[in-house]
Colleague: 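So that we are looking at the same thing, I have put the structure below in structure tokens.
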Amino acid sequence: MNPLLKKLQPYPFQRLRALLAGTVPSKDKAAINLSIGEPKHPTADVICQTLTRSLDGLARYPATLGSVELRAAAASWAGRRYGIELDPEREVLPVNGSREALFAFAQTVIDPAANSIVISPNPFYQIYEGAALLAGAEPFYVNCLPENRFQPDWSTVPETVWQRTALVFVCSPGNPTGAVMDLDDWRRLFDLSDRYGFVIASDECYSEIHFGKPPLGGLEAARSLGRDFRRLVMFTSLSKRSNAPGLRSGFVAGDAALLEAFLLYRTYHGSAMSPAVQAASQAAWNDENHVEANRAAYIEKFDAVTPLLSSVLQVERPDASFYLWARVPGGDDAAFARELFEQEHVTVLPGSVLARDAHGCNPGRGYIRIALVAPLEECLQAAQRIRQFVTSYLPT
Ligand SMILES: Cc1ncc(COP(=O)(O)O)c(C=O)c1O
């Protein structure tokens, strides 16, 4: 057995299940689950129809590199969205969702014999940590606190850690906080990468769920600062943008030399995308109408739900993403989530299960993550139940 498997932590939803085990929610209230970040809006017709029209592709082995047409569609989308020019031959690779890509990228970039460190924001998407551990690296967590706009505070990273750092994960818009990196944030990170030579993996899968101001992308920031894409790769996905988490489709773009190595790794890993999925993905990247409709549905939910919650909880609409990151009264997020489930049958994710104890605190403690993925009516009902709950909640 690979001994590194023992280092993996239980997934946040396993922790949530353990937390809620033994509680009996009120039977007269229908369950509302706002804990999982799984898009629930319908997948656009253009994707479903292209997928079904392309089933003849099941009779062929796909190339890991993906079709020329898909890479060209991804590059054109990035061009329209970020005003950047990507070479679809060398700077774009299709992936089966950003999750597998984030994981596999760490396996490509890390030298297991080099005693490397992988830096992760904290709280974070747990794949970063597992990817680092299974690559034989040591994770180092950088807290994202409200006093630093929920951005990682790089000044807390000791020089000795920077010297061993091979890879830094950033997530903008962030899960769970929804915070977006601005140009100065990118400038600081690029300066550090120039100084210490680490690779940046920029997870941008929530980039299209915003409230009118499209979040700055990592590649866009590099170009704005007059840089090339050296040591920088961005990860994007159709899961949230196009409500297609079951399609398992995204792409990575950036440093051509890193992508060449990544392609080699992926060829052995067997992560080519099905031709039918490639065709549907190409159609998805070429269409912006369904993305705008999707965004409008989230804006409607945030506009309705945020004022209801902000009158009883410390919470604001995020820069982007479909999460609310709310402070709970009393600071015990686990107790709050458990009692909310028991009394109101509403499931939210306690922030402490999304973070690790680091630098003297767990930066997720005291927060809950509310995913506004359910239909508007359900989100509204959940917000009303949360309000009701908070007004009588007595923290222990
Ligand atoms: C921050 C973050 N990155 C990546 C992913 C993976 O998404 P997918 O593999 O569907 O592209 C998720 C999924 O929830 C996420 O929250």
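Order of listing sets the numbers, starting from 1, for every ligand and every atom in it. Computed from heavy atoms alone, side chains included, the values below leave out hydrogens, waters and symmetry copies. None of these values were measured; they are calculated from a predicted model.
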Colleague: Identify, with sequence neighbours excluded, every residue that meets side-chain hydrogen bond (donor to acceptor under 3.5 Å, both in side chains) alongside Asn33.
Modeller: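 Once residues adjacent in sequence are excluded, the partners of Asn33 under the side-chain hydrogen bond (donor to acceptor under 3.5 Å, both in side chains) criterion are Ser35.
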
Colleague: Consider side-chain hydrogen bond (donor to acceptor under 3.5 Å, both in side chains). Of Gln343, His345, Glu344, which one does Lys29 pass it with?
Modeller: Glu344

Colleague: Please compare Gly174, Ser239, Cys171 and report which has the shortest non-hydrogen distance to atom 10 (O) of ligand 1.
Modeller: Ser239

Colleague: Provide the number and element of each atom of ligand 1 under 4.0 Å from a heavy atom of Gly97.
Modeller: 9 (O), 11 (O)

Colleague: Just let me know how Tyr206 lines up against ligand 1, side chain, backbone, both or neither, with a heavy-atom cut-off below 4.0 Å.
Modeller: side chain

Colleague: Has ligand 1 got any nitrogen or oxygen that is less than 3.5 angstrom from a nitrogen or oxygen of Asn175?
Modeller: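 N/O-N/O distance under 3.5 Å: yes.
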
Colleague: Please check whether Tyr323 reaches ligand 1 - meaning an N/O of the residue sits under 3.5 Å from an N/O of the ligand, judged on distance alone.
Modeller: no

Colleague: Can you tell which part of Lys240 has a heavy atom less than 4.0 Å from ligand 1: side chain, backbone, both or neither?
Modeller: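 It is the side chain that gets close, since no backbone atom is under 4.0 Å.
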
Colleague: Regarding Arg317 and the six-membered ring of Phe211, is the cationic atom NZ or CZ under 6.0 Å from the ring centre and inside 45° of its axis?
Modeller: yes

Colleague: Is the contact between Ser98 and ligand 1 made by the side chain, the backbone, both, or neither, using heavy atoms and a 4.0 Å cut-off?
Modeller: both

Colleague: Check ligand 1 against Cys205 and write out every atom of the ligand that is under 4.0 Å from a heavy-atom position of the residue.
Modeller: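 Within the 4.0 Å cut-off of Cys205, ligand 1 contributes 2 (C), 3 (N), 4 (C), 5 (C), 12 (C), 15 (C).
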
Colleague: Using heavy atoms and a 4.0 Å limit, tell me yes or no: is Arg248 in contact with ligand 1?
Modeller: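 Distance cut 4.0 Å: Arg248 passes for ligand 1.
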
Colleague: Measure from the side-chain N and O atoms of Glu378 to the backbone N and O of Ile32, and report whether any donor-acceptor pair falls under 3.5 Å.
Modeller: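 Side chain of Glu378 to backbone of Ile32, a donor-acceptor pair under 3.5 Å: no, none is there.
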
Colleague: Provide the number and element of each atom of ligand 1 under 4.0 Å from a heavy atom of Ser237.
Modeller: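 Once the distances to Ser237 are compared, the set is 8 (P), 11 (O).
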
Colleague: Which residues satisfy the side-chain hydrogen bond (donor to acceptor under 3.5 Å, both in side chains) test with Arg295, sequence neighbours excluded?
Modeller: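 Counting only residues at least two positions away or on another chain, Arg295 forms a side-chain hydrogen bond (donor to acceptor under 3.5 Å, both in side chains) with His210.
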
Colleague: Hey, is the main chain of Arg231 close enough, under 3.5 Å, to the side chain of Asp255 for a donor-acceptor pair?
Modeller: yes

